[in-house]
Each structure stands twice: as structure tokens, then as C-alpha cells.
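For ligands, and for the atoms within them, numbers begin at 1 and follow the listed sequence. When reading the values below, keep in mind they use all heavy atoms of this one structure, side chains included, and skip hydrogens, waters and symmetry mates.
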Amino acid sequence: MRIFAASLATETNTFSPIPTSRRSFENSFYAPAGQHPDEPRLCTAPLYVARRRAQAQGFTLIEGSCFFAQPSGTVMRKDYESMRDEILEQLNSAMPVDAVLMGLHGAFVAHGYDDAEGDLLERIRMIVGDTCVIGCEYDPHCHMTVRRVRLATVSTVFKEYPHVDFLERGEELIELVLQTLRGKIKPVPSLYDPRMWDFFPTTTEPMRSFVDKIKSLEGKDGVLHVSIAHGFLHGDVADMGTRVLVYTDDRKTEGDRLAEQLGAELFANRGKWCPPTLDMQAGLAEALAHNGRLAIIAEPSDNAGAGAASDCTATIHELIRRKVDKAAVAAIWDPMAVEFCMMAGAGSKMPLRFGGKAAIESGPPVDAEVEILATKRDGWQLFGTAKVPVGDTVALRIGGVDVILISRRTQAFGIELFTQLGLQLEDYRVLVLKSAQHFAGAYGPHASLIVSVDTGGCCPQDIRKHTYRKLSRPFWPLDETVKGRLLV
Ligand SMILES: [Zn+2]
């Protein structure tokens, strides 16, 4: 048995000011064929898991290239085509294969390709033929199009947000693919579209219980797998939105009914899946009035993990203006300011301009007399078990406000952003984190209050702040009256 695996993944924010090229992928994560490191990455779990299971399960794995780029704007057409064609050429050389495993994100948009994954899968299907098993793993912030569901044999989607389960869903994908190859199951998809988008953190109710429920449905009554594609609101494509994907073991009618039921439940609770995002003043006021351990102000509107620059200065200006003590902001992306601080070194005091660079929403830069608390070459942070590089990094102090600067753009995942610079979370009462939800795994246990604020920028949590041109309508919450439908 011969199985080919590869990965092509990014989450395209079509509203982002940052262009995306092949170089963006090579700077984030690129493993040429056979050179994937021996540690898991978010979107390469199918290849990583298959590599570990090949010998015991009696198949030969042919490894193709793996690409991932930090979320940013629409990908340059020729760059998408060059990465796609690299994988397709490897697949061509690997033929004949019994199965193809693809690690995708699912919100990849290139100029000329609103559904890049659909295009890639179509070309893969043309090479491998109709009977080959194609298995895909997606991030829930994907656009789950009909085309993809029809082209793949079976797909899994991370169930957790934060995405701590990417390996588990990779294991399940390979299990489903192997069972299909051995003729033990026949996965049949049902895809339901409730015509909505919402934000679905799984660390809080009601989504926690909803995810536990869909997990409990699997493996019974012919239900093979149940996924909720949350959708990615910062991608202006026709298919943006929440979708329910159910695979049954050749029980289409029951699968359709279940997908529709779950979709109806998502819609019935629309607007209740997460607390509302506050404006900055209201969020700051709530955090500063808090008397518990640590108050965290999440700033999803400037989340690098969704395509923002992460150099918006609004909260820093406000914390300084209010003379707040024991506050910190992490992390501002500003490679030039980091370089200045590295040259000056820890312990220096100097005037510095930082932040407020990438777009008008980044706001005016901060000009201040700063104390450089610490510097570190080649810093990193943990996201679950994965090590995420942040590049050279420094900690600054301006009065009572500490700021972490990084030179590789990424959202706040791990507390190492602070600890690697000798700073401890216990010394703060308010933290501003540039992230929407992924910070919750590592920072959540330290906090007794978490609020989300909107400071402008290309990642608003309120969908009504985006002007969509391509999204198909009617669509909740842009339109009040919508009608859900079974797509597959
Ligand atoms: Zn995601």
C-alpha cells in the first residue's frame, strides 16, 4: 500500500494590509519533500502521524512538500501555483498511490483562486483517479466548500479552539482512510450550511458541551465523523460561513438529518456562543476595576494569527495616558525597533519610536523614553507542544507599562513571551494580548478575568465591520432572515 502526504496551508485575510508570497511560506514554515522535522506542526498532522504509523500499519509513505504561512493577505497567484505544482509533480512521480493525505488549513485564497484548496484537490483527483482515497485535515476556520467535500473521500476538522487537538484529528483521519482502503467502511458526506457565522471558543459554554456532544455521536449508529467548520470571517469569498460536515458509513439519509439538526442548533444559539467584544475604553475600564488575580484583555482585532500586523498601539497609548501600573502588552511586531534595542542592549534607557507602522488602523507610533529590560536572540513560545519562533525579542518599560516587541509576526500563544525575558506573570495585574482565543490555553489558568476589545484593524470580531463583496447572501448576522440548506 502506497500513501502520499503533503501540506499547503494558510489562513488568508483578504482585508489584511500584508501581501503573501512564496517567501512568506518559506519564512514561516517550509519543509521540502522528505524534510519535515520530527515534531508536529499545526497543519501537517496527517504527514506526521502517517510517518509514525507507516511501518506498523504496513504502508509506504511518500512525503511531499509542506508549506505554511502566518496568516496575511491574498496570496500572489504565481506563488500559489508554484507551491501547488511542486506538490503535484511530487505526486505524479509517486504514482501509483492508494491514498493521498493533505494537511490543509482551508482558508487559502490566492489571486484568481477563491477556493485554492478546491483547485488543488481537483488537480490531485485528476492525477490519482476516482478510486484513490483522498483524506484531508482542516482548521475549523476554513471555508468548507461543496467542491472540496465532493473531491475528497473523507475530511476531519479540528474540534477544539484553541486547536489543541490537531494530532488527534490527524490520527482519526488516517484511521478513516485506512479503514476505507481495507474496505471496512464507506464514508458518505452530508454538508449542511446554516447561513451564518459566529465565534465558537470551546473553552467556555455553550460550545464546550456542543463539542463533547458531537464527539459522543461518533462511532455509533453508523456515524463515522462529525465536524463543525466555524468559518473564517476575514476571508471575503462566496463560501465563507459556518458548516456542519457529517460522515456516515453509507447512511446518507441519517447523515443528512444529523447535519441538519446540528446546524439548526448552531443557528438557534446564534450570537450566544461567546461573550461580546467590547470597545477599548469599556474593556480597559472593566479590567482595571477588576480586583482578582490577573485581568487579560484580548485584542482579536490586531491578531497576527488572523492576518493583522499586530502593531496597533491604541492600548499602549491608553495605558500610558491613564498611568496604569503593573500592565503589559504582548506582542508588538516591529523588527526595526527590536534591532535598535538589541544594539543598545538590556539596561539601556533611550528614546524609541515603535509600533504603528503597517496600516492606518495600526494607529500612531509610540514615541517614548524606554528602559530596555531584557533582550533575546531567536526567541520562541509554545503553542501546545509546538514551538513557535518569534525572532529576536525585547522587553521595554515605559512608566508602569511593559511592552514585548518581536521581530517575527505571530500572535500571543505561550507565556514564554514573558518568561524567556525574565518577566513573571504574577508581577502584572493587567495584560493585553494580541490574540483572539489561542492564548487561553497557556494564559487562561493565570487569569481571573478575560475580556475582548476591538481597537480597529483588519480582524474585527463583529462581522458587520467588514464590507463583503463576494460573500453569498442572505447571511446572518448581516441579514435577519436566512434559510439553512443541505449542500451535499
Ligand atoms: Zn483556526
*Is the CZ atom of R52 crowded by more than 12 outside heavy atoms at less than 6.0 Å?*
no
*Considering residues at least two apart in sequence or located in another chain, which fulfil the salt bridge (Lys or Arg N to Asp or Glu O under 4.0 Å) criterion with D256?*
K252
*So, are K434 and D302 salt-bridged, with charged N and O less than 4.0 Å apart?*
yes
*Only protein N/O/S atoms count here: give how many lie under 2.8 Å from the Zn ion (ligand 1).*
4
*asked:* Among F158, F166, F383, exactly one meets ring-ring contact (aromatic ring centres under 6.0 Å, His included) together with H438. Which residue is that?
replied: F383
_Distance-only polar pair, side chains of S16 and S72, donor-acceptor under 3.5 Å_ = no
*May I ask you to check whether Q437 and T203 show a side-chain donor-acceptor distance below 3.5 Å?*
yes
